[in-house]
Amino acid sequence: MDDVFATDAFYNGGMQNPYTAPVTTSNDDDLARSTHVASSLLEIARRTFLAWEKLRLVFIAILGLLVIVVAGPNLRQAKTLLLIIEGAVVANVCYFAGPIVESYARWLGYQGKWLRRVLFTLGTILVMLLAIASLTGLLLPNPG
């Protein structure tokens, strides 16, 4: 009588050995890799966005003081208030670009400490210039 364990059918897939390591396919590897990348990107983005939320208070204070100085006595006019509200929305959209760029740079492997400071400073200066330009255009007398 032939021994079933001695046949080629047992070793070539007829019966599976329950103690062998599982064989992963490339789809399993890609899924595991993409899951790891997604979780690491989420962790990087979470830390970055939380750090930028602390800077948002400084950003709002700087722009608030600038608007008060530039708009001055015209703050009570409805046209000026509408412009300030629109500018605040645009400023917050611009501010959101900072943590997006930093998260992407950190995900790519950059770990420098100066990136956040440079992005914050340049972004704040840009929004300050936009605020000055829009408010002075409204507040200057029309030559007509």
Side-chain angles (χ1 to χ4, degrees), residues 4-5 7-144:
V4 74
F5 296 108
T7 64
D8 287 338
F10 176 78
Y11 293 108
N12 291 332
M15 298 174 94
Q16 300 275 333
N17 182 354
Y19 301 109
T20 59
V23 178
T24 59
T25 64
S26 63
N27 290 340
D28 291 340
D29 290 340
D30 291 343
L31 179 62
R33 197 173 305 118
S34 67
T35 303
H36 175 69
V37 168
S39 66
S40 68
L41 179 58
L42 287 175
E43 180 61 27
I44 290 168
R46 185 185 68 78
R47 283 186 278 140
T48 302
F49 275 79
L50 287 175
W52 275 83
E53 283 305 310
K54 295 174 187 173
L55 287 174
R56 187 181 296 268
L57 298 174
V58 176
F59 179 75
I60 291 171
I62 291 170
L63 289 179
L65 289 173
L66 177 73
V67 167
I68 290 170
V69 169
V70 173
N74 297 320
L75 280 173
R76 294 181 184 215
Q77 295 176 2
K79 194 174 184 180
T80 305
L81 288 175
L82 182 61
L83 184 65
I84 290 171
I85 291 170
E86 290 172 353
V89 171
V90 171
N92 277 294
V93 170
C94 290
Y95 186 84
F96 191 61
I100 290 174
V101 171
E102 183 181 347
S103 294
Y104 186 67
R106 294 209 185 283
W107 180 63
L108 290 176
Y110 180 76
Q111 297 300 322
K113 296 189 183 279
W114 61 270
L115 179 63
R116 184 175 300 144
R117 291 182 191 123
V118 169
L119 289 172
F120 178 78
T121 303
L122 292 177
T124 303
I125 290 170
L126 173 67
V127 172
M128 287 172 67
L129 292 173
L130 290 172
I132 291 170
S134 64
L135 287 173
T136 55
L138 176 72
L139 301 174
L140 291 177
N142 291 332

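From a predicted model like this one, the values you see are computed outputs, not experimental measurements.
Sorted by first and then second residue, the pairs that involve residues 65-78 and meet side-chain hydrogen bond (donor to acceptor under 3.5 Å, both in side chains), not counting sequence neighbours, are N74-Q77. Sequence neighbours left out, the pairs with a member in residues 85-94 that pass side-chain hydrogen bond (donor to acceptor under 3.5 Å, both in side chains) are R56-N92. For residues 97-107, the salt bridge (Lys or Arg N to Asp or Glu O under 4.0 Å) pairs, not counting sequence neighbours, are E102-R106, E102-R116. Pairs passing the side-chain hydrogen bond (donor to acceptor under 3.5 Å, both in side chains) check and including a residue from residues 121-137, sequence neighbours excluded, do not occur. Counting only residues at least two apart or on different chains, no side-chain hydrogen bond (donor to acceptor under 3.5 Å, both in side chains) pair has a member in residues 60-71. Note on residues 77-100: pairs passing ring-ring contact (aromatic ring centres under 6.0 Å, His included), not counting sequence neighbours, are F49-F96, W52-Y95, F59-Y95.
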- Go through the steps for V90 and V127 under the test side-chain contact (heavy atoms from CB on, under 4.5 Å), then give the verdict. CA-CA 9 Å; V90 171; V127 172; over 6 Å; no
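Taking CD1 from I125 and CD1 from I62, the interatomic distance works out to 9.5 Å, rounded to the nearest 0.5 Å. The CD atom of E43 lies 11.0 Å from the OG atom of S103; values are rounded to the nearest 0.5 Å. The NZ atom of K113 sits 12.0 Å away from atom CG of L115, with the distance rounded to the nearest 0.5 Å. Atom CD1 of I100 sits about 11.5 Å away from atom CG of L119, to the nearest 0.5 Å. Note that CH2 of W107 and CG of L41 are 6.0 Å apart. Values are rounded to the nearest 0.5 Å.
The shortest heavy-atom contact between T80 and A71 is CG2-CB, 4.2 Å. Across A91 and L63, no two heavy atoms sit closer than the pair CB-CD1, 3.9 Å. For the pair L66 and A131, the tightest heavy-atom approach, listed with the atom from each and the gap, is CD2-CB, 4.1 Å.
Residues satisfying the ring pair (Phe, Tyr, Trp, His ring centres under 6.0 Å) criterion with F120, sequence neighbours excluded, are absent altogether. Residues that satisfy the side-chain contact (heavy atoms from CB on, under 4.5 Å) test with V118, not counting sequence neighbours, are W114, L122. Annotation: salt bridge (charged side-chain N to carboxylate O under 4.0 Å, His left out) contacts of R117 (sequence neighbours excluded): none.
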